[in-house]
Amino acid sequence: MYLSKLFIPLLKENPSEAKIKSHQLMLRTGMIKQSSTGIYSWLPLGFKIMKKIENIVREEQNKIGAQELLMPTIQSAEIWKESGRYDDYGDEMLRIKDRQGKEMLYGPTNEELITEIFRSSIKSYKSLPQLLYHIQWKFRDELRPRFGVMRCKEFFMKDAYSFDLSDEEAKKSYNKMFFAYLNTFKRLGLTAIPMAADTGPIGGDLSHEFIILAETGESKIYADKRIFDIDINNHNSEEKSINDLRKKYDNFYSVTDDKFNENEFNSKVIKRNQLITKGIEVGHIFYFGDKYSKPLKCSVDLKDGKKVYVKMGSYGVGVSRLVGAIIEAKFNNNIMKWPETVSPFDVVIIPSLQKNDKSNYLKAEKIYKELKADNIDVLFDDTDEHLSAKFKKFDLIGIPYQIIIGSKTTNDKFEFKEINEKAEELSIKIIKNKLLNKRKPN
Ligand code: 5CA
C-alpha cells in the first residue's frame, strides 16, 4: 500500500477530549472516529488491527473445538422476560420497538438467545457437550462511557457459551476456555492474569476476569506477584495438562476489588510478594450452571429417560477493547510498537524524497515490489514530507519494522530498523528473510 493512497486522517495534536494514551493515539493516527458519545466508526487502520485481533481470538476458540455461529444484534424482549433479566438489566439495555410495537432490544450479551437456539435444536444427552461462540457487536448504554474504545456503548465482543450435562463436565469446558484465553492473550503480546471476580449481571458463582496491568485500568487488583512467572508454554490442550495449569494459577492469590479480603491477602501473601495495582479487563469467563437453562426450560433427555437442565457457562473477550488495551501496554515514551501478530503492516519503507532526484523513490519502489512478491504486507511512504516528520509519524503508527532510504543508503544496502532498536545496514535479501522469519507458526 502507498501511504498517499491510504485513508488515514492523521491529527497533528492530541485531541483534548482524550484522557488516556490509547484514546489519544487512536484518534491521532486516524484509527477511529467518534460518531456520538461512546459510539465509534472504525477507519481502515484501526479496523485492520481489530480484524487481526479478532482472527487470533477466533483461531484459539477453534483450537479448543468451539464452533462459530452468528446471532443478530437485535433480539426479542420475550426471551429476556422468560429469564427474568429484562427488568434486572436496567438502563444499560437499549430497548427498541419495531413498527408492530413489538419490544426488541440491542443485545448487551447473548445468554438468553443462545439458550433459546439450543433448547429448540438439541434434545438428547448424546449431543453434549457443545461449545458455541460468535463475534458480534454489543450495545450497553453505559452511564459514563469513557477512554475511547475501552468503555464505550457499542463494542465488538467474542462471546462463547458452553453446554454440559453435569457440573463436573462443565468445569472441563470452563478450564478449556481458561486455557484458550491464556494462549489468545499471549499471541496478542499481552500478559493477562486470571483473577477471581464478581459475576455481576451475568450471574453464577465461579468467574475469572483476565486482566493486564495498566495504570489507566478501571479494575483494582490484588495479587501475589509470582503469578506473573507462570509459564503457559509447557502446557498443551490435554485435559490433565490444562488442569495442572489451572491449579498453578489457583495457587496464587489474585482477585479483583470486589473479591478482596485484607486478612486473607495478608495471611496468604507475604508483604514482599504483594502487588496492589490497576488493570484492564480484557476477558471474563463465568460458570452459572442452570441459571438460564432452568427458567428458559432448556433440558435434554438422559439415557434413563430423565430430563436434566443443561449446565452453562459464558466466556467473553473484549475484541474492540483489546485494541486500546494493547496500546496502553505497548505505547511508551511517545513510541508505539504493535506486536507483529496484530500490526497493521509488517514493515514500512521510509524514503527521503527530493523533488529533482528520483533515485530514492525508485529504490523504494523496487524494494516495495520485491517484498510484495513474497506476500509481505508493506507500506510505502511515498509522501514528500521531510524524513524527520516521517519518523515522528511512524513513531505513532507503530509498525514494528522500518526500511529507511536516505543519505546513508548505498545501492545494495539499506537501513533496517526495529522500533526502539539500533538500525542495521542490510541487503534486501537479508531484510526479506528476517521479515519472513518473524512469521512464526502458531
Ligand atoms: N456474557 C458474558 C460473557 S460472554 C459477558 O458479557 N461478559 S462481560 O460483561 O464481562 O463482557 C465481556 C468483555 O467485554 C469484558 O471482559 C470486556 O473486555 C468487554 N466489555 C464489556 N463492556 C465493555 C464496554 N462497555 N466497552 C468495551 N468493552 C467492553
Side-chain angles (χ1 to χ4, degrees), residues 20 22-23 26 32 34 37-40 42 50 53-54 57 61 66 69 71 73 75 80 83 85 88-94 106-115 131-163 173-174 177-178 180-181 184-185 188 190 192-195 197-204 206-212 214 216-219 221 256 258 279-288 291-292 312-328:
I20 62 170
S22 58
H23 192 192
M26 289 180 81
I32 51 169
Q34 182 169 311
T37 307
I39 303 181
Y40 292 88
W42 288 77
M50 184 163 75
I53 296 173
E54 177 190 348
V57 171
Q61 292 293 293
L69 47 72
M71 291 175 268
T73 52
Q75 304 180 18
W80 285 73
S83 75
R85 268 209 301 185
D88 292 355
Y89 219 95
D91 288 341
E92 260 191 33
M93 186 190 276
L94 181 65
Y106 192 134
T109 176
N110 282 56
E111 280 78 9
E112 283 78 359
L113 189 51
I114 196 82
T115 309
L131 213 43
L132 302 169
Y133 75 98
H134 76 161
I135 305 177
Q136 176 63 292
W137 293 97
K138 303 287 183 292
F139 195 96
R140 293 183 187 170
D141 200 351
E142 296 275 350
L143 186 58
R144 267 180 230 96
R146 57 191 183 142
F147 300 157
V149 301
M150 301 291 244
R151 179 160 302 280
C152 46
K153 295 190 180 194
E154 193 181 38
F155 58 98
F156 206 39
M157 192 210 278
K158 184 284 300 180
D159 39 327
Y161 303 87
S162 62
F163 301 85
S173 300
Y174 188 91
M177 274 295 167
F178 191 95
Y181 275 38
T184 303
F185 298 127
L188 296 174
L190 299 172
I193 300 295
M195 313 227 161
D198 210 19
T199 55
I202 307 293
L206 170 64
S207 160
H208 285 92
E209 282 182 14
F210 286 75
I211 298 221
I212 63 161
T216 45
E218 292 187 283
S219 311
I221 55 166
T256 57
D258 30 54
I280 301 166
E281 175 200 325
V282 285
H284 199 164
I285 60 178
F286 303 81
Y287 178 59
F288 40 73
K291 174 172 176 191
Y292 299 91
M312 293 174 57
S314 75
Y315 314 88
V317 170
V319 176
S320 49
R321 178 181 283 185
L322 269 165
V323 181
I326 294 174
I327 298 172
E328 290 298 323

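Ligands are counted one by one from 1 in listed order, and the atoms in each one are counted from 1 as well. Only heavy atoms go into these numbers, but all of them, side chains included; no hydrogens, no water, no symmetry mates. Positions are given from 1, in the same order as the sequence printed here. The structure presented is a predicted model; accordingly, all values stated were derived computationally and were not measured.
Here Val282 has backbone heavy atoms under 4.0 Å from ligand 1, and that is the only part of it that gets that close. Looking at His284 against ligand 1, both its backbone and its side chain come within 4.0 Å, counting heavy atoms. The proximity of Glu111 to ligand 1, defined as any non-hydrogen pair under 4.0 Å, is limited to the side chain. Counting heavy atoms under 4.0 Å from ligand 1, residue Glu142 touches it through the side chain alone. Of the heavy atoms in Tyr315, only backbone atoms (N, CA, C, O) come closer than 4.0 Å to ligand 1.
For ligand 1, the atoms lying closer than 4.0 Å to a non-hydrogen atom of Asp159 are 4 (S). In summary, the atoms of ligand 1 found under 4.0 Å from a heavy atom of Met157, numbered by their order in the structure, are 6 (O), 11 (O), 12 (C), 14 (O). Near Gly283, with a cut-off below 4.0 Å to any heavy atom, the atoms of ligand 1 are 16 (O).
In this structure, the side chain of Arg321 does not engage the main chain of Phe155 through any donor-acceptor pair within 3.5 Å.
In this structure, atom 9 (O) of ligand 1 lies nearest to the protein heavy atom Arg140 NH1, 2.8 Å. The protein heavy atom nearest to atom 15 (C) of ligand 1 is Glu281 OE2, 3.0 Å. The protein heavy atom nearest to atom 17 (C) of ligand 1 is Arg321 NH1, 3.5 Å.
Selection from Ser320, Gly318, Ala197 by nearest heavy atom to atom 19 (C) of ligand 1 gives Gly318. Nearest-residue assignment for atom 2 (C) of ligand 1 (options Ser314, Ser207, Ala325; heavy-atom criterion): Ser314. With atom 24 (C) of ligand 1 as the reference point, the heavy atom nearest to it among Tyr133, Phe155, Phe286 is part of Phe155.
The distance from the CD1 atom of Ile221 to the CD atom of Glu209 is 10.0 Å, given to the nearest 0.5 Å. The distance from the CZ atom of Arg146 to the CD1 atom of Ile20 is 9.0 Å, given to the nearest 0.5 Å. One finds the CG atom of Leu322 at 11.0 Å from the NZ atom of Lys158 (value rounded to the nearest 0.5 Å). Rounding to the nearest 0.5 Å gives a distance of 5.0 Å between CD1 of Ile114 and CG of Leu132.
Between Cys152 and ligand 1, an N or O atom pair is found at a separation short of 3.5 Å. At least one N/O-N/O distance between Thr109 and ligand 1 falls below 3.5 Å.
A donor-acceptor contact under 3.5 angstrom links the side chains of Glu328 and Thr216, judged on distance only. Side chains of Ser162 and Tyr315: a donor-acceptor N/O pair is present below 3.5 angstrom, by distance only.
Ring geometry, Phe210 versus Phe178: the interplanar angle exceeds 60°, so the pair is classed perpendicular (tilted spans 30 to 60°). Below 30°, between 30° and 60°, or above 60°: for Trp80 and Tyr89 the angle between ring planes is above 60°, a perpendicular geometry. Ring planes of Trp42 and Trp137: tilted class, angle from 30 to 60°.
Remark: distances from the non-hydrogen atoms of Met150 to ligand 1 include one below 4.0 Å. Residue Val149 places a heavy atom under 4.0 Å from ligand 1.
Salt bridge Lys291/Glu111: absent, no basic N to carboxylate O contact under 4.0 Å.
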